Each structure stands twice: as C-alpha cells, then as structure tokens.
Amino acid sequence: MTLEQIRSPHDLKKLDIAELSSLSEEIRTFLIEKISETGGHLASNLGVVELTIALHKVYDSSKDKIIWDVGHQAYIHKILTGRHNQFDALRQLDGLSGFPKSRESIHDAFDVGHSSTAISVALGFCAARDIIKDNYGVCAVVGDGSMTGGLVYEALNNAGRASSDMLVILNDNQMSIAKNVGAVSRHLNDIRTAPIYREAKKDVQKFLGNIPHLGKRMEKLIETAKDAVKFILVPGVIFEEMGFQYFGPIDGHNLKDLIRTLEKLRTIKGPVFLHVVTKKGKGYPPAEQYPNAFHGVESFFIDTGKPKNASNGDTYTSVFGQTMLKLAKKVDKLAAITAAMPDGTGLAPFQKAYPDRFYDVGIAESHAVTFAAGLAKGGVIPVVSIYSSFLQRAYDQILHDICIQNLHVILAIDRAGLVGADGETHQGLFDYSFLAHMPNMTIMAPKNQHELVDMLTYAVCIHKGPIALRYPRGSAGKTPEDHRMPIKYGRSETIVKGKDIAIVSVGTMIDASLFAVNELQSLGYNPSLYNARFVKPMDEYLLDHLLSYRYIFILEDNVQTGGYGECLWAKMAVSGKSLSLLPCVHFFAFPDKFIEQGTQKELFCRYKLDGEGVLKRMLQILDKKSQSLKN
C-alpha cells in the first residue's frame, strides 16, 4: 500500500512491519519534496515518522486523544489522517495549517502552537473522560526541549497524583530549536547513555529464574526494597517519583519495538511515561547535520539544502545582534538572555564573543524574565530577547518581578506584528496592548534599522527602568533619512509637516504611511506625518498638536483593542476639549480576532493595512470633505 492509498489511520492498521517501514521512507521523501516548496518545520517531523506511524497503528485518533506538544511535529499525523493531498498549500493563505487545528480534522484533538502544554491538556482530557464516564485513550507527545518549561512539571505533578490512565511520550532528540541546555537535558543524556540498570535487571532476573522455589520469593523481596536502590540505578527516577511508571529509553526509529511497546503500555493502569530516542532530521543528510537550520525553513533546493530565496540585506534580527555586539564592547555589564533561540534572535554572535555574559535558559520564558530581574537587581544590564508571541508567557513576571521594582531590564521583542505562515499562535499582535498598561514600562517601536540601533543604544546606555523595544520579522526598513534625530524620552518625530490631516505611524507602519502621504499630496491634500517612536509614554507635545487637526489617522501593526491608537484617543477624550470639537480619529490596526496564516504581504493586503489599502480607506473617509480640505 502506497501513501496515496492511505486515506485514514484505519488503512494503516492493515499493514505489516515491512509495509510500514516502506511507508515511513515514502513519507520522508514526500515531506522533503513538499517542504522544499512551501517551507515549514522539516527536521522535527523527519524525526518522528516511525513514532507517528506506531501511534496510529495502536491508537484510534478519531476517538483516542493524541496531543502534540508545540504541534509543529504533527505533519506526519496530518498525512496519515487524510490530509496529504493538501500539503501543496501547507502554511499558505487559507491552506493547511502547520499546526494541529481541531477545525481541520476530528483527528486533531487540540489546537497547539506553543511548547510545554500537552501534558496539562492530556490530564484535562483524562479528567473529563472520567467525569462523564467515557472510554478513550489519552497520549501526550512531548519533545525534550519542552521539558525545560515549568508547565510540564506542574502537569506531571498533578498527573501522577491523579492516577488517571494516560501515556506521556518523551520524544528525545536532544534538540528544542537550538541544542538543549540545562540540568534536565543532562539528566536525559544520562538515561540515554547508562545501560547499567537495564543490564543489571536482566542479569538478576535471569539468575533468580534459575533458582527453584526460592527465586520467586527473592524477586518479591527485591521488589519491596527497590525504593532503597532506585536512586542509584533506575533511569527516569524523576518521573517515577512524580507517580509515573517509567519505560525506556527505546529506539524511536524501530517500528517493531515501538508498536509492541505501545500495545503493552495501553494495558497498564495509571500514568505511564515512555522515553523514546529519535534523531532530528533523520533521512535527510543536511537536516541531520544541521537540525537547527532545518527546524523551520523557507523553500530550499533538495540536493544542497540551500534556500531558494536567500535573504538580501539586513534583517531587524541581524541588526539587533550586530548592535548588541558593539554595545557589549563598551558596556561590560551588558548581558543577553534568550529562551532556546540564540540563532533566531540574532544572539549567536554575542554567545560566541561573550559566553560569560550570555544565557540560553531553554524554553522557559517566565524564568528568563525573572532571571533578568535578578541580574538587574544585582547591577547587570540584561537584554532579554524573546519573540512577541512567546513573551505572552511571561506576562506575570514582567509585571510582578520587573515593573513593580522598576528594574532596568530591556525586552527585545522580536517577531512583533505579523509573523506570517505560522498563523494564529505566532502572530505578535498583542504586545502593545499587554505591556502598555503596566506602570513603569516604556515601549519603543523603531521605524527602520537606524532607529533600532539608536533605540537599543538608548535603552542600554541612557534609560533606567523597564523598557521594551519591539520590531518585526524580516528585512529591516531603509526609509531614507536626511538626518538621525536623537532619541529623546517620550518624544515622537515629525517627518512631514502639513495641515488638517495628521497621520501617526507606529514602528514599521512607516512604509505604508509614506505611500499614503505621497499619494495624498499628489491628489492635492496636505497631510502631516509623525513617527510615534514611543508607544508609552505618549508624547504629550504631539497630543496637544494633534488636537488642532480635523482628521487623524493612526497606523499600527497591533490589534486595535488596547493598542496605541485607542490609548491616544483616550488621552484626547480627557484633554478638556469638548468631544464635539475633537478631531475625527480613525484607527488602522488589526481587528479583535486571531489572524490566520499567510505571507506578511498577503495579510497586510487582506486587512487593508498595506499602502494601497490604507490610502483607499483614507480617501473614503475624506471623500465627503475632500474639496474643503484641499489647498
């Protein structure tokens, strides 16, 4: 049976081991071919081919709940559940999601996109099953990188105590995105490399089995004494102590062993923990050699692994990394922190140049922020670089551990605004809203790479207190500048001076704003253009000046709710000026919804936040008064 003939997991159950092995190789070829065209998460999926096949051989995902932690490792799951014909549109606008989506298929038990959540979700399913007296299996597949997230241990602690029937599979490939770090990683490595327990157990059982009558009694005696010795010999003791029955590690690419083990574990009552060792990128040499580079890829040439569309010019991320290196030479108290993404945040060169001042804490954003608070309290200047959507996970720590004490911690928020193909779980459209209401917090948004350099320098060398610097994914803007106006706390920048119409641009919305200004000028309008620079504090001078305009258009790549525009309008409303005399204010921001996947260009166009969309909306608003506004 070929991949084309696999319409559902039930087709899989008819195959023998030899046929499943052949299918696994066909799936790898399929993945490499499709992802080389669409881009996506390649290395992690190549590593779980056999594990996914074994799961669907043993479980019935139309009823049983298979929860994929993070979710980017679920491509094979999607292939085996009738969606392989949709892979040409993987991660494309209105196409197949790169993550499990319950709206896509009954086989996707839960929507996931961020790490360390699967065990909590699985335990919730178990509790629901037990309450309503249902009957289905529950399995959480967790990567070893996710094991650095504190939520995992909160869930393990409760799952072991609850004693519900569930299986947790640790997919151990020694990688999260970057190479795993920390004590948990070392513990798992010890388990992988220490066969002493397994060999000793086999030898003892063989010896006792040869002693008539006495052998069984001795086995029981040894069983009662196991707690006294397991801290020395038993792998996975941490999981045993949390109430799980631990099994493994086993080879995650041996289909026969995987299927046999999963079948046996389904019969065991209570929480069970299976440790599976896999190789990230298996079957594709470039991905095996460079699993980090092939974690999430754009389209690439299969024969070389090289990207088809090589990036031209600097990105905001690379400019941030270069500036951090320059600042570190001048500021010996400067430290950098990342959560498992030294390459993704542009800090890999800093890590190499200043290893004693660089900290990769693993997938542990909450810890990263509170750790930074401790560094700041001790006299260091920490820069915490985390993607916008992941920074949400450290909300309480920012508020409680940094802002209350007014600590000098710099949050470098990468991937802010639209991220694109990863969709709802990864769009960075909420950071203005969830940071702006925190007392003591300052928020900056650069319009281009020059301002990014100036703002980071200001944040490190001049500012005191919590400060967030927010910039998007992709190429750094090169908006022409006649001069570099110095950063002054809480002050905006005047780019074009006009009258009656004011356009306030926040961050990288500057390109769409400039397009609109130029087109409006060509049509006879005389608009002003301001670069906000600071989302918080609001520029009081700008606010006073804006009250003299008739129309104000505010552009930001954040959700409208709680964003810069709404905050500006709220300040206008309490300015003392009669509401009937206030300018007509219009918000150009993303709506109060989760934004789907697609390229940045496609999504800006769909939501009319590109230059042409912005201009069209402005002209519709101005149309009734256009003649009176023209010079």
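From a predicted model like this one, the values you see are computed outputs, not experimental measurements. Hydrogens, waters and symmetry mates play no part in the numbers below; they use all other heavy atoms, side chains included.
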* Asked: Just wondering, are more than 12 heavy atoms of other shown residues or ligands nearer than 6.0 Å to CD in Gln351?
  -> yes
* Might you work through the side chain to side chain contact (heavy atoms under 4.5 Å, CB included) test for Val409 and Leu411, ending with a clear yes or no? => CA-CA 6 Å; Val409 174; Leu411 302 176; 4.3 Å; yes
* Asked: Hey, would you say the Phe247 and His275 ring centroids sit under 6.0 Å apart?
  -> no
* Residues His426, Tyr387; criterion ring-ring contact (aromatic ring centres under 6.0 Å, His included); working and verdict -> CA-CA 9 Å; His426 285 63; Tyr387 292 3; 8.2 Å; no
* To do: Evaluate the side-chain proximity of Ser299 to Asn309: yes if any heavy-atom separation is below 4.5 Å, no if none is.
  => yes
* **Check: Thr599 main-chain N/O paired with Glu602 side-chain donor or acceptor under 3.5 Å** => yes
* Judged by modelled atom types alone, do Asp343 and Asn292 share a side-chain donor-acceptor pair under 3.5 Å? -> yes
* Exam field: side chain Asn173 to backbone Gly47, donor-acceptor pair closer than 3.5 Å -> no
* Asked: Any donor and acceptor pair, going by atom type alone, linking the side chain of Ser36 with main-chain N or O of Phe301 inside 3.5 Å?
  -> no
* Residue pair Arg415 / Thr317, side-chain donor-acceptor N/O under 3.5 Å -> yes
* Structure fact -> Interatomic distance, CZ@Phe371 vs OG@Ser366, rounded to 0.5 Å, equals 14.5 Å
* Asked: Under a 4.0 Å N-O cut-off, is there an ion pair linking Glu50 with Lys256?
  -> no
* Considering non-hydrogen atoms only, spot the tightest contact between Ala445 and Glu451 and give its length. => O-OE1, 4.1 Å
* Least distance between heavy atoms, Ala54 atom then Leu258 atom -> CB-CB, 3.7 Å
* Asked: With distance as the sole test, does His114 use its side chain to make a donor-acceptor pair with the main-chain N or O of Thr425 at under 3.5 Å?
  -> yes
* Scan side-chain atoms only and decide if Thr338 and Asp360 contain a donor-acceptor pair under the 3.5 Å cut-off. => no
* Asked: Counting distance only, does the side-chain N/O of Thr148 pair as donor-acceptor with the main-chain N or O of Ile363 below 3.5 Å?
  -> yes
* Let me see the working for Thr117 and Ser120 under side chain to side chain donor-acceptor pair (under 3.5 Å), right down to the final yes or no. => CA-CA 6 Å; Thr117 62; Ser120 294; over 6 Å; no
* Would you sort out whether Asp314 and Gln322 count as a side chain to side chain contact (heavy atoms under 4.5 Å, CB included), showing the intermediate values? => CA-CA 10 Å; Asp314 291 324; Gln322 294 160 16; 3.7 Å; yes
* Asked: Near Lys308 NZ, under 6.0 Å, is it more than 12 heavy atoms from other residues, nucleotides or ligands?
  -> yes
* To do: For Glu154 and Leu151, run side chain to side chain contact (heavy atoms under 4.5 Å, CB included): C-alpha distance rounded to whole Å, both residues' side-chain angles, the deciding distance at 0.1 Å, then the answer.
  => CA-CA 5 Å; Glu154 297 176 30; Leu151 186 60; 4.1 Å; yes
* pair Ile398-Met441: side-chain heavy atoms closer than 4.5 Å -> yes
* Gap between atom CD1 of Ile467 and atom CG of Leu435 - 0.5 Å precision -> 11.5 Å
* For Leu334 and Val460, what are the C-alpha separation, side-chain angles and deciding distance, and is it a side chain to side chain contact (heavy atoms under 4.5 Å, CB included)? -> CA-CA 8 Å; Leu334 181 65; Val460 170; 3.9 Å; yes
* Asked: Between Arg470 and Tyr432, is NZ or CZ placed under 6.0 angstrom from the six-membered ring centre and within 45° of the ring axis?
  -> yes
* **Under 3.5 Å donor-acceptor, Gln427 side chain and Val419 backbone** => yes
* Ser433/Asn558 under side chain to side chain donor-acceptor pair (under 3.5 Å): CA gap, chis, key distance, verdict -> CA-CA 8 Å; Ser433 303; Asn558 191 79; 3.0 Å; yes
* Lys101 and Glu424 ion-paired at < 4.0 Å -> yes
* Which distance, rounded to the nearest 0.5 Å, do you find between the CE of Met324 and the OG1 of Thr457? -> 10.5 Å
* Structure fact -> All heavy atoms of Tyr471 vs all of Pro446, minimum pair found to be CB-CG, 4.3 Å
* **cation_pi(Arg357, Tyr354) dist<6.0 Å, angle<=45** => yes
* Are the charged groups of Glu104 and Arg83 less than 4.0 angstrom apart, N to O? -> yes
* Does the side chain of Val369 reach to within under 4.5 Å of the side chain of Asp401, using non-hydrogen atoms? -> no
* Sub-3.5 Å donor-acceptor pair from the side chain of Arg28 to the main-chain atoms of Tyr284, do we have one? -> no
* Asked: Considering the options Ile250, Leu170, Leu51, which one meets the side-chain contact (heavy atoms from CB on, under 4.5 Å) requirement together with Leu274?
  -> Ile250
* Asked: Hey, is Asp414 close enough to Arg473 for a salt bridge, meaning N to O under 4.0 Å?
  -> no
* Would a distance-only check, ignoring hydrogens and angles, find a side-chain to backbone donor-acceptor pair under 3.5 Å from Glu37 to Ile32? -> no
* Asked: Are any of the side-chain heavy atoms of Val297 and Phe300 separated by less than 4.5 Å?
  -> yes
* Please examine the side chains of Cys139 and Met166, heavy atoms only from C-beta on, and report whether any two atoms are closer than 4.5 Å. => no
* Would you indicate whether the side-chain heavy atoms of Ile53 and Leu12 approach each other to under 4.5 Å? => yes
* Ile413 side, atom CD1; Phe320 side, atom CZ - distance, nearest 0.5 Å -> 11.0 Å
* Say whether Ser318 and Thr315, considering side chains only, have a donor N or O and an acceptor N or O under 3.5 Å apart. => yes
* What pair of heavy atoms forms the shortest contact from Glu596 to Arg606, and how long is it? -> OE2-NH1, 2.8 Å
* Asked: Mind checking whether His77 and Trp68 have parallel, tilted or perpendicular rings, split at 30° and 60°?
  -> tilted
* To do: Quick one: closest heavy-atom pair of Phe87 and Tyr75, and the distance?
  => CZ-O, 3.6 Å
* Within the distance-only criterion (no hydrogens, no angle test), does the side chain of Lys65 pair as donor or acceptor with the backbone N or O of Phe110 below 3.5 angstrom? -> no
* Asked: Just by distance, do the side chain of Gln73 and the backbone of Asp69 share a donor-acceptor pair under 3.5 Å?
  -> yes
* To do: Kindly say whether the aromatic ring centers of His41 and Phe294 come within a distance under 6.0 Å.
  => no
* Does the side chain of Ser61 pick up a donor-acceptor pair with the side chain of His107 at under 3.5 Å? -> yes
* Is Thr81 close to Pro9 at the side-chain level, that is, under 4.5 Å between some pair of heavy atoms? -> yes
* Asked: Would you call Lys57 and Leu20 a side-chain contact if the rule is heavy atoms closer than 4.5 Å?
  -> yes
* Asked: For the residue pair Phe244 and Phe239, is the inter-centroid distance of their aromatic rings smaller than 6.0 Å?
  -> no
* Pairwise distance OG1(Thr38) to CG(Asp88) - rounded to 0.5 angstrom -> 8.0 Å
* Asked: How far does OG1 of Thr323 sit from CE of Met455, to the nearest 0.5 angstrom?
  -> 13.0 Å
* Check Thr370 against Gln397 and note the closest heavy-atom contact, atom names and distance. => OG1-CG, 3.0 Å
* Regarding Asp108 and Ser102, is there a side-chain donor-to-acceptor distance under 3.5 Å anywhere? -> no
